[in-house]
Each structure stands twice: as structure tokens, then as C-alpha cells.
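What follows is a set of notes on a single structure, which appears directly below.
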Amino acid sequence: MTWVDELEQRAAARLPRDVYDYFRQGAGADHALDEATPSWAALRLRPRVLRDVTEVSTATTVLGTPVDTPVLVAPTAAQHVIDTGGAAPGDITSGGVIATARGTAKAGSLICVSCLTATPYAEVRDTSPAWWAQVYLLRDRAVTRELVARAVDAAAGALVLTVDTPILGDRPYPWPGADAPWYGGRLLTDIAPEDIAAATNVTFDDIGWLREISGLPVVVKGILRADDAVAAVRAGAGAVVVSNHGGRQLDAAVPTAVALPEVAHALAGTGAETYVDGGIRGGVHTLAALALGARAVLLGRPTLWALAAGGADGVHQLLETVTGELRRAMALVGARQVGEITADLVAPRNR
């Protein structure tokens with residue numbers, strides 16, 4: 001059992017069962033979910049030796065924003081139901097997202113905030129200046145435009161467009177709707193639930209539309225193919241996130257550890273950045289992801305477990321621990337800076 005597994009156990013003991021089930025679930029028979037972490041664990045490294053690693057730095061930039069670590073926080077819905085002090089577990093509060101933002105800022109990282117949140121964006125900005133806003137294209141484009149305007153007003157650094165949910169995957173614990181006791185009636189700050197239906201006609205053209213109405217870089221999240229990555233960048237994306245939605249959409253989707261090299265290779269030289277999430281549970285996984293072409297990784301479920309188990313301090317500890325593991329792994333493979341983590345450090349899969 002890893003320390004992240006132990007963190008999950010502590011979180012499960014604190015969360016209402018329906019909330020924990022919603023956070024943990026995958027799609028269908030959980031094939032994509034179950035394959036995520038083993039795919040990273042199967043990678044093997046080829047360390048360099050006789051390098052001076054007296055000083056090792058994990059500092060980098062993402063879309064020009066300096067961060068102390070390439071370990072970022074992924075957008076995860078319903079953090080508002082996690083009690084971070086003073087509320088009964090499952091009650092609605094904006095404290096979950098703010099606690100995550102506080103822990104992220106303390107670690108010198110960046111948080112991507114889900115649009116499925118009860119927290120005003122301005123509160124996120126005041127807590128963690130390095131933040132991006134996740135968006136879905138909604139059937140009512142006026143609502144999307146309003147959400148984007150709020151993100152711009154709150155100084156979001158980018159919009160993260162999730163593109164792998166034209167419909168919901170086969171999940172045993174779907175979003176329960178407004179009647180669930182922990183739903184709270186309203187999400188997306190003060191926008192009513194009936195106004196948040198996702199569009200099924202989203203295309204590459206919408207990337208340019210988001211750039212036009214926001215003036216912000218657009219990160220396209222949910223890419224698993226090189227051709228889609230190239231098309232997204234040609235349409236105006238500044239970055240992509242290799243992601244299968246935490247195994248919550250298509251149960252047979254390829255693991256992100258397998259998809260990443262193809263995508264990163266296709267975008268090499270374009271100026272666009274590649275990130276990855278899904279199953280990453282430590283610093284060695286992070287190093288492998290960077291070697292395979294990612295500029296940064298994003299943690300989803302581990303952040304939820306850390307938040308539920310320890311609030312802002314738990315999130316800070318998670319990011320600091322994974323970053324510390326990354327720093328140690330960098331020293332052991334002879335990489336003093338993130339830029340020295342290169343593809344030759346990963347052994348070919350056929351060996």
C-alpha cells in the first residue's frame with residue numbers, strides 16, 4: 001500500500017459514502033481506472049551517472065507562469081462538499097476549493113478550478129493568484145460566456161476546456177442532481193442547475209471562440225490522440241492535457257501513460273505545451289511523464305483525498321511530498337533541472 005492509498009483510506013473514513021463513491025468511481029467495469037497507475041508503474045528508467053546533482057531544482061513555467069513544481073492540481077468537481085473545518089461532512093461550503101487553493105499556493109503550484117464549484121472565482125484569485133478556470137461548453141452559450149467573463153475578471157491565467165464529455169460515461173454513481181443532500185441546489189457560483197447542461201455539438205472551432213471572447217490561452221483537456229492534439233493547436237489551443245477523465249468516461253480508453261508520447265511528439269516544435277493527468281501517484285511517475293514529453297502533471301483524486309484528510313495542510317503536504325520525490329528521482333537520474341529530464345531516461349517498452 002502506498003502513502004496515497006493510505007491517504008485515500010483516511011479520506012474515505014471522513015466522507016459520506018455517496019460522496020466518496022462519486023469521487024472514486026470509474027466508468028463501466030473500471031478497466032480504464034484500474035489500468036491508470038499500473039501503466040505508469042510499468043515504466044523503467046535509465047539513469048545517468050557521474051553528474052553533479054548538489055543542487056536540483058523542480059522550478060518551471062506553465063504557459064509562462066512560474067511555478068516551483070511541475071506538479072499541478074487538476075480540476076475536480078464538488079470540492080464544496082468536503083468539510084475543511086466547522087461544517088458537517090457533506091454540507092455545502094466554499095471552503096473545499098479555497099482550502100485546496102491555499103495548499104496549492106503554499107506549495108508554489110497552480111490550481112485549475114472546476115466550473116462545478118460553489119466558490120466565486122474572485123475568492124480563488126485572492127487565495128491562489130496562479131490559477132486556471134476549467135470550462136465546459138454549455139448548450140446555452142450565453143451561460144458559458146458569463147462564466148468565462150467571470151474567470152477573466154478574476155484574473156484566471158487560462159481556460160481549460162474539457163472536451164471528452166459530449167455525454168457522460170457509464171458511471172455507477174452519476175452526478176445525483178439537485179435532489180441529492182450534498183448537491184446544494186446551485187453550482188457554478190450562482191448559476192442554476194438547469195442552466196448547466198453540456199453541449200453535444202462542440203467542435204475545434206469552439207477553441208477559437210473561447211480565445212476570442214476571453215483573450216486567454218486555451219488548454220484543451222481530454223486529448224488521447226496525436227491528430228486531435230495537432231488539430232486543437234491549429235485551432236488555437238496553447239496547450240493540451242493528455243487525459244481520459246480519470247477513467248470516468250470511456251472504459252476502454254487508452255491509459256494516459258501510453259497516449260502521452262504520441263501526443264508530445266506530435267506537438268514538439270509547435271510552441272504548444274503538453275500536460276498529463278490520470279493515475280500519477282508519486283515523484284517517479286512525474287519524472288517519467290516529464291521524460292515522455294509532458295511539461296507538467298496534474299493530480300486529481302489524490303488532491304481530493306488530501307483535502308478530505310487534511311484540508312489545506314493536506315493538499316500542501318501532498319504537493320510537497322510528490323515534489324520531494326521528484327527532486328530525489330531527478331538527482332538519481334542525473335537531472336539537475338526539469339529541462340534535463342529527457343526521453344532517453346525512459347527505457348523503451350519492448351525491453
Side-chain angles (χ1 to χ4, degrees), residues 1-41 71 73-104 107 111 114 116-119 168-177 179-184 187 243-249 251 277-282 285 297-322 325:
M1 178 180 293
T2 69
W3 68 274
V4 174
D5 294 328
E6 294 175 357
L7 199 62
E8 180 179 350
Q9 287 188 345
R10 290 167 53 198
R14 295 205 66 230
L15 293 170
R17 184 55 189 254
D18 59 343
V19 175
Y20 171 73
D21 287 341
Y22 174 77
F23 286 154
R24 189 193 180 283
Q25 69 178 330
D30 284 350
H31 296 304
L33 175 63
D34 292 343
E35 292 172 0
T37 298
S39 294
W40 293 108
V71 183
V73 172
T76 50
Q79 291 183 44
H80 56 279
V81 304
I82 299 178
D83 173 30
T84 56
D91 281 354
I92 302 302
T93 171
S94 66
V97 172
I98 295 304
T100 301
R102 186 176 298 115
T104 302
I111 181 174
S114 170
L116 298 175
T117 178
T119 304
L168 284 182
D170 179 18
R171 306 181 192 177
Y173 306 98
W175 187 260
D179 292 334
W182 54 276
Y183 179 84
L187 294 175
S243 175
N244 63 15
H245 213 96
R248 294 162 72 91
Q249 282 297 99
D251 191 23
D277 68 10
I280 295 167
R281 294 296 182 266
H285 294 171
V297 306
L298 295 96
L299 302 184
R301 288 186 185 90
T303 303
L304 293 173
W305 308 146
L307 177 65
D313 289 341
V315 173
H316 174 242
Q317 182 181 17
L318 169 71
L319 296 173
E320 285 286 287
T321 299
V322 176
E325 292 176 352

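All values below were derived from every heavy atom in this structure, side-chain atoms included, with hydrogens, water molecules and symmetry-related copies excluded.
Side-chain N/O atoms of Trp3 and Gln317 include no donor and acceptor closer than 3.5 Å.
Looking at Ser114, its side chain never comes within 3.5 Å of a backbone N or O of Pro75 through a donor-acceptor pair. Listed for the Asp251 side chain is a donor-acceptor partner under 3.5 Å among the backbone atoms of Ala32. Checked by atom type and distance alone, the side chain of Arg248 pairs as donor or acceptor with a backbone atom of Phe23 at under 3.5 Å. Under a 3.5 Å cut-off, the side chain of Trp40 and the backbone N or O of Gly278 do form a donor-acceptor pair. In this structure a side-chain-to-backbone donor-acceptor pair under 3.5 Å is missing from Asp21 to Asp18.
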Assess whether side-chain contact (heavy atoms from CB on, under 4.5 Å) is satisfied between Thr76 and Thr303, documenting all intermediate values. CA-CA 9 Å; Thr76 50; Thr303 303; 5.7 Å; no
In sequence, state the C-alpha distance, the side-chain angles, and the governing distance for Gln79 and Thr119, and then conclude on side-chain contact (heavy atoms from CB on, under 4.5 Å). CA-CA 9 Å; Gln79 291 183 44; Thr119 304; over 6 Å; no
Mind running side-chain contact (heavy atoms from CB on, under 4.5 Å) on Leu304 and Tyr20 for me, showing each step along the way? CA-CA 10 Å; Leu304 293 173; Tyr20 171 73; over 6 Å; no
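Within the 4.5 Å cutoff, the side chain of Gln249 has heavy atoms near those of the Leu168 side chain.
Here the OG1-NE2 distance, from Thr100 to His316, works out to 13.5 Å after rounding to the nearest 0.5 Å. Rounding to the nearest 0.5 Å places CH2 of Trp305 at 15.0 Å from CD of Glu6. Between His285 atom NE2 and Leu299 atom CG the span is 11.5 Å, to the nearest 0.5 Å.
When all heavy atoms of Ile111 and Val97 are compared, the closest pair comes out as CD1-O, 4.4 Å. The two atoms that bring Leu307 and Ala99 nearest to each other are CD1-CB, 3.7 Å, heavy atoms only. Scanning both residues, Gly279 and Ala36, for their nearest heavy atoms gives CA-CB, 3.8 Å. Here the shortest heavy-atom pairing between Ala308 and Ile82 reads CA-CG2, 3.6 Å. Residue Pro302 comes nearest to Arg281 through the heavy atom pair CG-NH1, 3.5 Å, listed as atom of the first residue, atom of the second, then distance. Across every non-hydrogen atom of Ser243 and Asp277, the tightest pair is OG-OD1, 2.8 Å.
Exactly one residue among Leu318, Leu319, Leu298 makes a side-chain contact (heavy atoms from CB on, under 4.5 Å) with Val71. That residue is Leu319.
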